[in-house]
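All remarks here apply to the structure that follows.
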Amino acid sequence: MRDADLLTDLIIGEAIAIHRELRSGLFESTYEIVLADALQRAGLAVERQKLVPIVYAGRTITEAYRLDLLVEQRVVVECKAMDRLAPIHSQQLLTHLRLGGYPVGLLLNFGAEVLRDGIKRVVNHLPPVDGSRVVVNRVAEDMLPTFIA
């Protein structure tokens with residue numbers, strides 16, 4: 001299984017290439033399908049619309065959440081196509097990470113004029129890695145996501 005940083009770099013690179021060619025204005029599902037195809041052609045295992053169950057009152061609810069993409073069983077990718085992201089979108093991604101036990105996720109807003117401005121990387125409370133190229137900024141002490149710019 002590939003390192004999460006390398007995977008997110010590869011996913012972001014593919015997403016930027018797609019956004020440069022297709023631009024904004026399409027449906028989220030279109031970007032999701034095209035990104036999944038590009039990642040699969042790059043040799044990555046990709047699952048689309050993966051169900052994530054929750055347990056409530058002792059019962060498993062199998063269709064509680066759906067991940068847009070799960071790459072290499074490690075990185076959750078949520079595709080959006082809107083003017084701007086809201087904090088709830090990062091919280092949605094963090095919920096998916098926690099319920100599935102996944103370490104990292106990417107929120108990609110293909111509606112941004114420049115995709116670089118529509119990318120958020122959310123980490124499921126993992127400790128920072130020594131020598132990492134990224135900076136970890138804790139938004140809150142307990143249940144809020146950790147963002148990496």
Side-chain angles (χ1 to χ4, degrees), residues 1-16 18-19 24-112 115-130 132 134-149:
M1 199 173 313
R2 299 180 189 203
D3 177 74
D5 286 340
L6 294 175
L7 278 172
T8 57
D9 286 351
L10 194 137
I11 294 164
I12 290 169
E14 292 290 346
I16 288 171
I18 289 165
H19 189 264
S24 60
L26 304 176
F27 291 125
E28 291 174 13
S29 59
T30 302
Y31 296 111
E32 176 190 322
I33 291 166
V34 172
L35 181 57
D37 179 67
L39 295 173
Q40 288 170 335
R41 282 186 287 112
L44 299 176
V46 179
E47 294 179 71
R48 286 189 56 236
Q49 294 297 310
K50 180 173 176 61
L51 296 175
V52 178
I54 64 169
V55 177
Y56 175 74
R59 295 176 45 97
T60 300
I61 311 299
T62 58
E63 296 185 22
Y65 290 95
R66 287 182 191 269
L67 309 179
D68 285 349
L69 301 175
L70 180 61
V71 181
E72 292 287 314
Q73 293 293 311
R74 296 188 65 144
V75 180
V76 175
V77 179
E78 286 297 315
C79 297
K80 301 294 180 194
M82 49 192 29
D83 289 337
R84 72 176 51 119
L85 295 173
I88 191 66
H89 298 120
S90 296
Q91 191 62 43
Q92 173 193 18
L93 178 54
L94 181 62
T95 298
H96 293 166
L97 295 176
R98 287 187 177 146
L99 288 175
Y102 304 113
V104 64
L106 291 171
L107 185 55
L108 304 175
N109 183 16
F110 288 92
L115 186 62
R116 177 185 64 236
D117 298 333
I119 298 172
K120 297 252 188 226
R121 186 174 190 261
V122 179
V123 177
N124 189 6
H125 288 288
L126 297 176
V129 177
D130 290 338
S132 178
V134 295
V135 178
V136 177
N137 298 311
R138 299 225 181 260
V139 178
E141 291 298 317
D142 47 16
M143 299 304 282
L144 291 179
T146 302
F147 296 96
I148 298 179

Minimum side-chain heavy-atom gap I12-L106 below 4.5 Å: yes

Side chain to side chain contact (heavy atoms under 4.5 Å, CB included) against T62, all qualifying residues, sequence neighbours excluded: T60

From CG (L108) to CG (L35), nearest 0.5 Å: 6.5 Å

From L10 atom CG to E72 atom CD, the distance as rounded to the nearest 0.5 Å: 9.5 Å

Modelled atom types, side-chain donor and acceptor of K80 and Q92, under 3.5 Å: yes

Backbone N/O of L26 and side chain of T30: donor-acceptor pair under 3.5 Å: no

Residues forming a side-chain hydrogen bond (donor to acceptor under 3.5 Å, both in side chains) with E28, sequence neighbours excluded: none

Non-neighbouring partners of D83 that pass salt bridge (Lys or Arg N to Asp or Glu O under 4.0 Å), sequence neighbours left out: none

Heavy-atom closest pair, residues S24 and A112: CB-O, 4.1 Å

Test applied, side chain to side chain contact (heavy atoms under 4.5 Å, CB included); reference residue, D68; option that passes from R48, Q49, K50: Q49

Taking every non-hydrogen atom, the tightest pair across E78 and L93: CG-CD1, 3.9 Å

R66: partners by salt bridge (Lys or Arg N to Asp or Glu O under 4.0 Å), with sequence neighbours left out: E63

Partners passing side chain to side chain contact (heavy atoms under 4.5 Å, CB included) against A86 (at least two apart in sequence or in another chain): I88, H89

N124 (side chain) donor-acceptor with V104 (main chain) under 3.5 angstrom: no

Side-chain heavy-atom pair L97, P103 within 4.5 angstrom cut-off: no

Side chain to side chain contact (heavy atoms under 4.5 Å, CB included) between R98 and L94, intermediate numbers included: CA-CA 6 Å; R98 287 187 177 146; L94 181 62; 3.3 Å; yes

Criterion side chain to side chain contact (heavy atoms under 4.5 Å, CB included) on L7 and L44, from CA distance to verdict: CA-CA 9 Å; L7 278 172; L44 299 176; 3.8 Å; yes

side-chain hydrogen bond (donor to acceptor under 3.5 Å, both in side chains) partners for R41, two or more places apart: D37

Non-neighbouring partners of Y65 that pass ring-ring contact (aromatic ring centres under 6.0 Å, His included), sequence neighbours left out: H96

Partners meeting side chain to side chain contact (heavy atoms under 4.5 Å, CB included) with A64 (sequence neighbours left out): I54, I61

Interatomic spacing from CD1 in I16 to CZ in F110 - rounded to 0.5 Å: 9.5 Å

Counterpart residues, salt bridge (Lys or Arg N to Asp or Glu O under 4.0 Å), relative to E14 (two or more places apart): none

Salt bridge (charged side-chain N to carboxylate O under 4.0 Å, His left out) between R121 and D5, worked out: CA-CA 10 Å; R121 186 174 190 261; D5 286 340; 2.6 Å; yes

Nearest-0.5 Å distance, CD1 of residue I18 to OH of residue Y31: 10.0 Å

Validation row: V46, L70 side chains within 4.5 angstrom (heavy atoms): no

E32 side chain to L69 backbone, donor-acceptor under 3.5 Å: no

Option from I119, D117, N109 for which side chain to side chain contact (heavy atoms under 4.5 Å, CB included) with L85 holds: N109

T95 vs L99 side-chain heavy atoms within contact, under 4.5 Å: yes

